[in-house]
There are 2 protein chains.
Amino acid sequence: MTTADRPSLLLVEDDAALGPLIAELLYPDYHVRLVTNGRDGLHVGLTEAWDVMVIDRGLPVMDGIALIAALRSKGIGTPILILTALGDAEEKVRGLDAGANDYVTKPFDAGELAARLRALTRTYAAVPAPLSIGDWELDPAQRSIRSVYGHTVSLTAKEGQLLAALAAEPDRVFTRDELLSAHFHASDQPGVIDTYVHHLRRKISKAVIRTVHGVGYQIGDAHE
Amino acid sequence: MTTADRPSLLLVEDDAALGPLIAELLYPDYHVRLVTNGRDGLHVGLTEAWDVMVIDRGLPVMDGIALIAALRSKGIGTPILILTALGDAEEKVRGLDAGANDYVTKPFDAGELAARLRALTRTYAAVPAPLSIGDWELDPAQRSIRSVYGHTVSLTAKEGQLLAALAAEPDRVFTRDELLSAHFHASDQPGVIDTYVHHLRRKISKAVIRTVHGVGYQIGDAHE
DNA sequence: GCACTTCTTAAGCGTTTCTTAATTGCCTCG
DNA sequence: CGAGGCAATTAAGAAACGCTTAAGAAGTGC
């Protein structure tokens with residue numbers, strides 16, 4: 001998102017009556033900027049960052065299709081929705097293949113347009129949910145751990161596995177044998193765990209991994 | 001992309017006549033897998049990786065909307081297109097807000113469906129916007145790299161491809177096999193990558209490409 | 001066809017990471 | 001408070017992995 005609150009939306013529509021109408025319709029949910037021809041659309045689209053664009057098909061100076069193609073060729077990946085009266089399938093194919101992400105025909109339903117725009121601007125946090133550990137965030141894929149202040153520390157494979165195992169179930173106390181069988185070779189001595197706990201405490205901070213005397217290790221606090 | 005050639009497509013459609021028909025329609029452009037109820041769709045959608053999904057609205061066992069919501073709640077971000085007979089605006093809003101990315105009503109135009117699927121699977125990462133890598137800028141043609149001080153170094157084809165692949169997703173760690181399958185012949189030994197990384201480091205600067213021991217290589221930071 | 005560049009393979013060497021083990025320090029219970 | 005057990009720390013050998021080099025193969029242009 002470009003702004004902290006509402007997504008920014010660039011509306012390119014030449015119809016003097018319809019343009020302001022759509023802008024007003026979208027105003028509660030987006031920061032709307034209205035331009036009325038293709039050349040202005042290209043300029044504003046290239047020089048400013050937008051979260052989504054709504055582009056009319058038939059535009060003066062520069063056609064909507066040409067505008068989209070120009071934006072895409074310049075590396076602009078912003079989601080684009082075409083809004084137009086031309087509704088037959090061939091036109092839709094041309095518009096979508098020019099680089100648009102969705103195609104809505106006039107007359108359109110305001111609710112549907114809004115829903116389609118939501119679908120375009122929606123982002124999924126599909127990223128392998130980073131495990132949070134106190135002030136730290138573990139990224140298993142990247143084998144590193146980031147503090148909340150940008151500071152990043154890289155971990156070795158075993159360090160990462162041990163930390164991930166502990167962090168997977170916060171507050172649970174793991175015995176050395178449990179941790180061993182999870183990610184280390186069966187032949188390993190339980191003392192291996194002690195060594196890696198030490199490495200981790202040195203890399204991160206002492207307080208993160210708690211020792212439960214006579215039992216094992218734990219992240220977070222169980223009792224008290 | 002999941003496969004090197006065609007994108008993979010999961011089709012969830014219970015109509016015994018329509019399902020195979022759509023599958024055949026899409027077959028030239030996608031690796032299609034057809035399942036006929038929501039529960040199977042959920043299972044296959046969660047356990048295998050797909051480039052795009054086409055889901056019928058009315059499904060036995062588990063409704064299409066419920067299926068999409070379940071997939072999204074599990075962190076599946078794959079583009080989803082709803083294909084259904086229910087066409088009024090309210091239904092579209094419900095479907096899109098459940099997490100679908102596009103909504104097509106039956107009867108549909110084959111060309112439009114294909115174009116909308118292309119729009120969903122299209123990525124703009126391939127756009128030759130000059131990739132910036134630290135103090136360097138990779139030329140779109142990928143055959144040379146310029147430092148911020150005018151200094152230019154020419155790269156061989158493979159060097160450029162490898163660097164571009166890494167730079168396309170900064171901070172992501174690529175395994176040797178991923179990099180191999182991207183731009184080298186499948187028969188190549190993973191050691192090829194090591195050699196090219198070495199070449200690049202000598203031409204540019206050592207710090208640009210980071211080694212993640214036991215995993216692969218990365219551009220961007222995660223160091224300290 | 002020849003010279004040159006680029007690509008690929010492979011092997012030795014150096015570094016990082018993993019594991020073991022011994023020493024030192026600390027906690028708990030009698 | 002002291003003994004015994006448990007944990008923390010350190011160091012060093014072993015193993016895995018990556019870096020570097022060099023040389024032959026394949027490709028390209030003249």
Side-chain angles (χ1 to χ4, degrees), chain A residues 140 142-145 153-166 173-219 221-224, chain B residues 139 141-145 153-166 173-219 222-224:
Chain A
Q142 199 145 308
R143 275 196 15 195
S144 65
I145 185 164
V153 175
S154 64
L155 305 173
T156 72
K158 298 289 175 193
E159 288 169 356
Q161 288 162 4
L162 176 57
L163 190 56
L166 286 168
V173 182
F174 292 83
T175 66
R176 286 176 178 73
D177 285 338
E178 283 175 330
L179 295 168
L180 262 185
S181 60
H183 285 295
F184 295 77
H185 298 125
S187 64
D188 294 346
Q189 309 290 325
V192 185
I193 303 297
D194 297 49
T195 305
Y196 279 105
V197 167
H198 178 238
H199 288 162
L200 284 170
R201 294 214 256 233
R202 193 174 45 188
K203 282 190 174 178
I204 310 171
S205 69
K206 288 241 169 193
V208 172
I209 302 176
R210 218 172 73 86
T211 302
V212 180
H213 201 97
V215 186
Y217 296 100
Q218 170 199 43
I219 279 182
D221 37 25
H223 54 146
E224 257 135 327
Chain B
D139 191 276
Q142 294 177 7
R143 295 303 299 262
S144 69
I145 184 165
V153 175
S154 67
L155 303 174
T156 71
K158 298 290 175 190
E159 288 169 356
Q161 288 162 5
L162 176 57
L163 189 57
L166 286 168
V173 182
F174 292 82
T175 65
R176 286 176 179 72
D177 285 338
E178 283 175 329
L179 295 168
L180 262 185
S181 60
H183 287 294
F184 295 78
H185 298 124
S187 63
D188 295 347
Q189 307 293 324
V192 184
I193 304 297
D194 298 50
T195 305
Y196 279 104
V197 166
H198 178 236
H199 289 162
L200 284 170
R201 293 214 256 233
R202 195 172 44 187
K203 283 189 174 178
I204 310 171
S205 73
K206 288 240 169 194
V208 172
I209 302 176
R210 210 175 78 90
T211 302
V212 179
H213 199 100
V215 185
Y217 295 99
Q218 172 201 40
I219 279 181
H223 70 129
E224 159 75 9

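The chains referred to below are lettered A, B, ... by the order of the sequence lines, with proteins before strands, and numbering in each begins at 1.
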Any side-chain heavy atom of B:Leu166 sitting closer than 4.5 Å to one from B:Leu200?
no
Separation of A:Gln189 atom CD from C:dC18 atom P, in whole Å?
17 Å
Between B:Arg201 and B:Thr211, is there a side-chain heavy-atom distance shorter than 4.5 Å?
yes
With sugar-phosphate taken as primed atoms, P, OP1 and OP2 and all else as base, the protein-contact string of nucleotides 5-13 of chain D at under 4.0 Å (heavy atoms; B, S, -) is -SSSBB---
CD of A:Glu159 versus P of C:dT16: gap in Å, rounded?
14 Å
Minimum side-chain heavy-atom gap B:Val153-B:Ile204 below 4.5 Å:
no
Tell me, do B:Lys203 and B:Thr156 make a side-chain contact under 4.5 Å, heavy atoms counted?
yes
Side chain to side chain contact (heavy atoms under 4.5 Å, CB included) evaluation trace for B:Leu163 with B:Ile219
CA-CA 9 Å; B:Leu163 189 57; B:Ile219 279 181; 3.8 Å; yes
If you restrict it to nitrogen or oxygen atoms, what contacts under 3.5 Å exist between nucleotides 3-6 of chain C and the protein, and what is each distance?
none

Interatomic distance where CD1 belongs to A:Ile193 and P belongs to C:dA21 [whole Å]:
16 Å
Minimum heavy-atom distance A:Leu179-A:Ala165, with the two atoms named:
CD2-CB, 4.2 Å
What heavy-atom pair brings A:Pro190 and A:Asp177 nearest, and what distance separates the two atoms?
CG-OD1, 4.2 Å
Quickly work out the A:Arg210 CZ to C:dC27 C1' distance and round it to whole Å.
14 Å
Min side-chain heavy-atom separation A:Tyr217-A:Asp194 under 4.5 Å
yes
From CG of B:Leu200 over to C1' of D:dC19, roughly how many Å is that when rounded to an integer?
14 Å
